[in-house]
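Here's the structure, in structure tokens; my notes come after.
Small disclaimer: the values here were computed from a predicted structure and weren't measured. Values below: every heavy atom of this structure, side chains too, minus hydrogens, waters and symmetry copies. Letters go in sequence order (proteins before strands), and every chain restarts at 1.
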Amino acid sequence: MAKRIKLKSAIKTYSFFDDVFEVAKLIPKGRVTSYGAIAAYLGTKMSARMVGWAMNVAHGDEKIPAHRVVNRIGLLTGKHHFETPNEMQKKLEREKIKIVKDKVVDFERHFWDPAREL
DNA sequence: GGTCTGACCGGCG
DNA sequence: ACGCCGGCCAGAC
């Protein structure tokens with residue numbers, strides 16, 4: 001799936017998806033970020049929706065930690081798109097991130113802002 | 001080939 | 001506080 005997109009982006013001169021993947025791959029273990037933060041870092045903070053769409057296409061690719069991307073308040077909105085709804089939470093908990101009611105505990109503390117860290 | 005739809009976000013009533 | 005709307009852009013139909 002992700003390969004198909006990569007192929008397409010090779011044809012196009014610019015791919016928003018590719019940039020999203022690049023940033024997503026750089027998210028450190030044990031940290032999380034938001035769709036909006038990634039979009040903002042890429043210059044188009046209004047395209048947060050596309051970041052989610054990109055994750056949808058990318059999930060399945062081990063190199064892309066889609067589980068570390070949540071919405072702006074730390075809610076695991078994308079959990080239903082994993083193989084099982086608790087897959088996302090399990091992966092995060094494995095990285096010492098606690099989840100309560102589909103929400104990242106202490107979201108600000110774990111938040112990784114690409115614009116600030118890169 | 002127009003139209004609909006998102007794993008979003010900020011703003012406004 | 002809460003709900004609605006518009007904008008973003010790629011993919012499915």
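Regarding A/Asn56, its CG atom lies at a distance of 7 Å from the C1' atom of B/dA7, rounded to whole Å. One atom, CD of A/Glu87, and another, P of B/dA7, lie 18 Å apart when rounded to the nearest Å. When the P atom of C/dG11 is taken as reference, atom CZ of A/Phe17 falls 5 Å away, rounded to whole Å. With rounding to whole Å, A/Met50 atom CE is found 8 Å from C/dG11 atom P. A/Lys45 has its NZ atom 18 Å from the C1' atom of C/dC9, to the nearest Å. Rounded to an integer number of Å, the gap from A/Asp19 CG to C/dC8 P is 18 Å. Distance, A/Asn71 CG to B/dC8 P: 7 Å, rounded to whole Å. Atom CG of A/Asp18 is separated from atom P of C/dA10 by 12 Å (rounded to the nearest Å).
With rounding to the nearest 0.5 Å, the separation of CD in A/Glu95 from NE2 in A/His110 is 10.5 Å. Put simply, CG on A/Leu26 and CH2 on A/Trp112 are 5.5 Å apart, with the number rounded to the nearest 0.5 Å. Atom-to-atom distance recorded for A/Lys79:NZ and A/Asn86:CG is 7.0 Å, nearest 0.5 angstrom. For the atom pair A/Ile38 CD1 and A/Met55 CE, the distance stands at 5.5 Å (nearest 0.5 Å).
Nucleotides B/dA7 and C/dC2 have their C1' atoms positioned 22 Å apart, rounded to a whole Å. C/dA10 and B/dG10 have their C1' atoms separated by 22 Å, with the value rounded to a whole Å.
Ranking B/dC9, C/dC8, B/dA7 by closeness to the A/Ser47 side chain, first place goes to C/dC8. Checking B/dC8, B/dA7, C/dG11 against the side-chain heavy atoms of A/Phe82 singles out B/dA7 as nearest. Counting only heavy atoms from C-beta on, A/Arg72 has its side chain closest to B/dC9 among B/dC9, C/dG11, C/dC9.
OP1 or OP2 of B/dC8 lies within a sub-4.0 Å distance of a side-chain N or O belonging to A/Thr77.
As the counterpart of B/dA7, no nucleotide is assigned, since no Watson-Crick or G-U wobble pattern has both distances under 3.5 Å.
Using a 4.0 Å heavy-atom criterion, one finds that A/Ala54 contacts no nucleic acid atom at all.
A heavy-atom distance below 4.5 Å is not found between the side chains of A/Met50 and A/Val20.
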